[in-house]
Asks: 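Starting off with a structure, shown below.
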Amino acid sequence: MSLLELKDISKIYGNLHALDHVNLTVDQGEWIAIMGPSGSGKSTMMNIISCMDKPTTGQVIFDGRDITKDSRRKLTEFHRDKIGLVFQQFHLINYLNAVENVMVAQYYHSMPDEKEALEALERVGLKDRAKHLPSQLSGGEQQRVCIARALINSPSLILADEPTGNLDEANENIVLDLFRQLHKEGTSLIVVTHDPEVGEVAQRIVRLEHGKIASDKKNEQFAE
Amino acid sequence: MFFRMITGAFRRQWKKMLMIAMTVALGASIATAMLNVMLSVGDKINEELKAYGSNITVVPRSEAVISHLYDVDETEEQAEYLPEETLGEFLTIFWANNIVDFTPLLDTPATVNGQEVPVVGAWFDHHLAFVKKGTTYERNTGIINLRSWWDITDGTWLDEAKLKGDRYAMVGQKLAATLSLKAGDTFTVATDHGTETLTVTGIFESGDDEEGMLFTTLSTAQRLTGAEGQYKKAEVSAITSPDDELAVKAAKNPDLLTGDEYDLWYCTAYVSSICFQIQEAIPQASASAVRQIADSEGKILEKTELLMALITLMSLIGATLGISNLVTSGVMERSAELALMKAVGAKNGQITRLILTEIILTALVGAAVGYFMGYAFAQIIGQRVFSSSIEMSGMVAFLVTILVIAVTLVGSLPAVRMILRLRPSEVLHGGH
Ligand SMILES: Nc1ncnc2c1ncn2[C@@H]1O[C@H](COP(=O)(O)OP(=O)(O)O)[C@@H](O)[C@H]1O
Ligand SMILES: [Mg+2]
């Protein structure tokens, strides 16, 4: 069954078509890379999928439900339950330590639970860094905290926008290993990147150009 | 978690929070000082103004009628007296407690060493005991308090209780100079009714005509005028409420008031109702307000209160603007963090609550500091301006707390609007 369906989505800023009649179906458990040059509409698409922005026209069907017509408040709730976000700039709260940063997501979802938050950190291999502030963590470690935060509420989909954009190669590999592991566990992943190395490890690669899908194909090199 | 986020934000933005607290403290201190002074200023100003003399004079009725009808000069009036016993009646009226001081006066021209000298008999610090219907009313009263601005340049006040007999005088500085008198000197004063040998207890400087006069005890003046047991005029200093429409209406003619109006008027310490009550108690007397002073008291009071209210308002507006500035820039600095909270599912209400809790906690700390600063301000104002301490009222503490919260909330409105408008997509993905 498909997890997410974009039906004829357009996003228009003035006379700029950031997304131009895009159709895309994502299945449960799929790992998709969205690639394309800068300005091709990747982030715009992410924002629409993550309910942080509304399309100008078209429908977003998530879990069989048309969410385009929901109110902002409903969207917030929906997004909170279904989607975990990972950002290029990490966006950790710098006065909270690693485990507290994970707990913020719990707090706004339901109830903070330190034990669960620590388990999430353990999954990304950072249990011993739980009490460190973001400034005391390396970039790779910060991104792993972000992934733990994205995971904590067991979302059906993890959306990552340039997750390795600010990382060196070693840390990039650690993050990609984590994605592989999440994929094995059945989490759906959409990773936006313009880095071919990051794109090439995904199951399916969608290319955007000028707001249109230029190509959409299975990745032959993908290793289960 | 909420707590942890708040303490974290405090630690991170402590400079801004300190500025907010200081802004609030400043506003709160001014509000506290002004409101407290305003609350106790009515009495303070009255006490202050009392120093400028009496506000009611009491004269025999016939004399009042003559001077009103024919507008005759005081010297041409036929001498008319009031019996000394009537002075005790001041202690029996409804507003007796508002009568702070009073003294009988009895003046007569006399000669000292062949020189014309105006002599005034008065009570200085007279112990009055008055019995009416089995109740004893007691009071120490006299011109010591009614002339509190007199500066004794030589000797002491005439102390009726300590001195033996009543043959004493206080001499105005100008007169003392022409007569070459100093404290402790004795001299003889003469009228048609006899002569008295008096001892000077003190020389005073008053800055007005009284510097050319000689003050002696009432009983001595009575012998010099041949008006035993009598006085010409009484000066009364009373704490009064400022005149309003009702007072003006009543002053024209109390009989025109409706029953309720009459009751309200009678039971308010207007200068007119106090005069009315004095006349009720002493039918042969006419009591009238010394207009300029009584009116200016009320006006100064109103103006001072208006000024203080304005200062309070301005300081609160200033605090609101300051807070608005600080909170808005604080939220701007934290927009990425707040957008992230939205991105992990925080609702607008939750973020607003977080920010407002931080700000209000900070503001309350500022308010507490401001309250104590305001206490100090109030005392300084009290001492400098009114020469007395200002009582701090619990009502003001409560009011200031409410005002601070209101100011903080209003000041935070622009920031709250910003929070509502904050789009996580723009902030988080912006720039790439
Ligand atoms: N809020 C916005 N207002 C106007 N134009 C925008 C806005 N957001 C994105 N765009 C434009 O839409 C196009 C697609 O942007 P984006 O989705 O961020 O591209 P990418 O992430 O692929 O670099 C760009 O030309 C960008 O300038
Ligand atoms: Mg982008």
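If you're wondering where the values come from, they're calculated on a predicted model, not measured in any experiment. Convention: sequence-line order gives letters A, B, ...; per-chain numbering from 1.
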Asks: Taking every heavy-atom pair that is under 4.5 Å apart, which of K42(A), R80(A), E77(A) has the most such pairs with chain B?
Replies: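 If we count pairs closer than 4.5 Å to chain B, R80(A) comes out on top.
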Asks: What residues of residues 345-366 of chain B sit under 4.5 Å from chain A when only non-hydrogen atoms are counted?
Replies: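 Hits under 4.5 Å: G345(B), A346(B), K347(B), Q350(B), R353(B), L354(B).
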Asks: Return the minimal non-hydrogen interatomic distance between H79(A) and V344(B), and the atom names on each side.
Replies: NE2-N, 4.4 Å
Asks: Would you say that E337(B) contacts Y95(A) through its side chain, given a criterion of any heavy-atom pair below 4.5 Å between the two side chains?
Replies: yes
Asks: Got a sec: does the NE2 of H210(A) have more than 12 other heavy atoms crowding it under 6.0 Å?
Replies: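 Result for NE2/H210(A): open.
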Asks: If you round to the nearest 0.5 Å, how far is CG of L340(B) from CZ of R149(A)?
Replies: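 These two atoms lie 4.5 Å from each other.
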Asks: Measuring heavy-atom distances to chain B, does N94(A) have an atom under 4.5 Å in its side chain, in its backbone, in both, or in neither?
Replies: side chain
Asks: If I measure from the heavy atoms of chain A, does A339(B) come under 4.5 Å with its side chain, its backbone, both, or neither?
Replies: neither
Asks: Only heavy atoms, only distances under 4.5 angstrom. Which residues in residues 99-117 of chain A are near chain B?
Replies: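 Within residues 99-117 of chain A, near chain B: E100(A), M103(A), V104(A), A105(A), Y107(A), Y108(A), P112(A).
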Asks: Atom CZ of R12(B) and atom CD1 of I93(A): how far apart are they, to the nearest 0.5 Å?
Replies: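 Nearest 0.5 Å value for the CZ-CD1 distance: 9.0 Å.
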Asks: Below 4.5 Å, heavy atoms only, C-beta onward: do N47(A) and R423(B) meet side chain to side chain?
Replies: no
Asks: If you take all heavy atoms of F87(A) and A343(B), which pair is closest and at what distance?
Replies: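 Looking at all heavy atoms of both residues, the shortest contact is CZ-CB, 4.1 Å.
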Asks: In terms of heavy-atom contacts, does NZ of K54(A) have more than 12 from other residues, nucleotides or ligands at under 6.0 Å?
Replies: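 Yes, enclosed.
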Asks: More than 12 foreign heavy atoms under 6.0 Å from CZ of F2(B): is that the case here?
Replies: yes
Asks: More than 12 non-hydrogen atoms from neighbouring residues, nucleotides or ligands closer than 6.0 Å to CG on D260(B), yes or no?
Replies: no
Asks: Answer yes or no: are there more than 12 heavy-atom neighbours, outside M19(B) itself, under 6.0 Å from its atom CE?
Replies: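 Not more than 12 within 6.0 Å, no.
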Asks: Surrounding CD of E185(A) (heavy atoms of other residues, nucleotides or ligands, distance under 6.0 Å), is the total greater than 12?
Replies: yes
Asks: When rounded to the nearest 0.5 angstrom, what distance separates OG in S425(B) from CG in D161(A)?
Replies: 11.5 Å
Asks: Can you confirm whether more than 12 heavy atoms, excluding those of F78(A), are under 6.0 Å from its CZ atom?
Replies: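 Yes, CZ of F78(A) has more than 12 neighbouring heavy atoms, counting only those of other groups under 6.0 Å.
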